[in-house]
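One structure is given here, and the rest of the page talks about it.
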Amino acid sequence: QVQLVESGGGLVQAGGSLRLSCAVSGRTFGRYAMGWFRQAPGKEREFVAGIGWSSSIRWYGNSMEGRFTISRDNVKSTVSLQMNSLKPEDTAVYYCNTNLDEGRISGDYPGDYWGQGTQVTVSS
């Protein structure tokens with residue numbers, strides 16, 4: 001059993017910043033990629049960012065790179081998402097995701113394991 005627990009969401013004004021974190025626990029072995037997704041009310045789930053085990057490889061969804069930065073700490077088993085210059089359209093529930101392997105997480109290939117989500121609300 002694997003648990004992903006997100007934290008760090010909240011209410012922020014447009015132009016502000018938030019840092020989300022996700023703690024991974026349970027039966028995790030070996031190297032695995034991690035990712036973040038988000039889902040706004042009435043919209044489809046959207047891929048935000050992914051990161052490989054060594055952190056040397058990172059990839060981002062459309063229009064995410066430059067404002068969002070994904071990082072990880074393998075000793076602490078955490079993955080973070082630093083979000084800057086937030087816009088009202090960034091308002092969504094943000095989810096941590098993994099498949100516990102090194103496959104590249106994407107909108108077409110999300111992992112099987114999800115956190116419960118953390119709400120991010122950006123006011124105008």
Side-chain angles (χ1 to χ4, degrees):
Q1 189 75 2
V2 175
Q3 294 84 39
L4 307 177
V5 179
E6 301 96 337
S7 61
L11 173 65
V12 64
Q13 288 188 335
S17 299
L18 279 176
R19 185 176 181 87
L20 307 183
S21 292
C22 172
V24 184
S25 63
R27 296 177 59 83
T28 59
F29 304 98
R31 302 159 60 97
Y32 51 91
M34 297 290 303
W36 286 95
F37 289 76
R38 69 185 185 184
Q39 188 164 22
K43 295 189 176 181
E44 293 186 353
R45 183 179 63 199
E46 180 179 24
F47 172 74
V48 175
I51 186 168
W53 176 257
S54 68
S55 297
S56 62
I57 301 175
R58 312 181 193 200
W59 57 98
Y60 296 89
N62 294 336
S63 76
M64 307 295 178
E65 192 165 13
R67 295 191 301 124
F68 292 3
T69 303
I70 188 171
S71 61
R72 68 187 295 166
D73 184 331
N74 291 334
V75 174
K76 297 181 179 179
S77 296
T78 59
V79 60
S80 298
L81 184 70
Q82 177 67 41
M83 305 186 294
N84 298 327
S85 302
L86 284 163
K87 305 174 183 180
E89 49 264 43
D90 294 318
T91 294
V93 178
Y94 285 71
Y95 297 93
C96 182
N97 177 259
T98 186
N99 205 39
L100 292 180
D101 60 28
E102 293 195 88
R104 186 181 177 103
I105 292 170
S106 69
D108 291 333
Y109 297 101
D112 289 339
Y113 302 94
W114 296 89
Q116 83 288 351
T118 186
Q119 176 71 47
V120 171
T121 303
V122 184
S123 63
S124 57

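Values below: all heavy atoms of this structure, side chains included; hydrogens, waters and symmetry mates excluded.
- At a threshold of 4.5 Å between non-hydrogen side-chain atoms, the residues Asn62 and Glu46 do not count as touching.
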Tabulate below the donor-acceptor pairs under 3.5 Å that side-chain atoms of residues 11-27 make, not counting sequence neighbours, or state none.
residue, atom, partner, partner atom, Å
Ser17, OG, Asn84, OD1, 2.9
Arg19, NH1, Gln82, OE1, 3.3
Ser25, OG, Gln3, OE1, 3.2

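- Nearest heavy-atom pair, Leu4 versus Met34, reported as atom, atom and distance to 0.1 Å: CD2-CE, 4.4 Å.
- Using a 4.5 Å heavy-atom threshold, the side chains of Glu6 and Tyr95 count as touching.
- There is a path of hydrophobic side-chain contacts, each under 4.5 Å, that joins Val48 to Ile51.
- Between Trp36 and Ile105 there is no side-chain heavy-atom pair separated by less than 4.5 Å.
- Taking Glu89 as the reference, nothing meets the salt bridge (charged side-chain N to carboxylate O under 4.0 Å, His left out) condition, with sequence neighbours excluded.
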Which atom pairs, donor and acceptor, lie under 3.5 Å between side-chain atoms of residues 117-124 and protein residues at least two apart or in another chain?
residue, atom, partner, partner atom, Å
Thr118, OG1, Gly9, N, 3.1
Gln119, NE2, Ala92, O, 3.4
Gln119, NE2, Thr121, OG1, 3.3

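- Phe37 pairs by the ring-ring contact (aromatic ring centres under 6.0 Å, His included) definition with Phe47, Trp114, not counting sequence neighbours.
- The only option from Arg45, Met64, Lys43 that meets the side-chain contact (heavy atoms from CB on, under 4.5 Å) definition with Arg38 turns out to be Met64.
- Of all non-hydrogen atoms in Thr98 and Leu100, the two that sit nearest each other are OG1-N, 3.0 Å.
- Every residue meeting the side-chain contact (heavy atoms from CB on, under 4.5 Å) condition with Asn74, not counting sequence neighbours, appears here in chain and number order: Trp53, Arg72.
- Across all non-hydrogen atoms, the minimal contact from Cys96 to Val79 is SG-CG1, 3.7 Å.
- Here the closest non-hydrogen pair linking Ala49 and Leu81 is CB-CD1, 4.2 Å.
- In the hydrophobic clustering of this structure, Tyr94 does not group with Trp59; members are Ile, Leu, Val, Met, Phe, Trp, Tyr whose side-chain heavy atoms approach within less than 4.5 Å, directly or through other members.
- Arg58 pairs by the salt bridge (charged side-chain N to carboxylate O under 4.0 Å, His left out) definition with nothing, not counting sequence neighbours.
- Between Asn97 and Tyr113, the closest heavy-atom pair is ND2-O, 3.0 Å.
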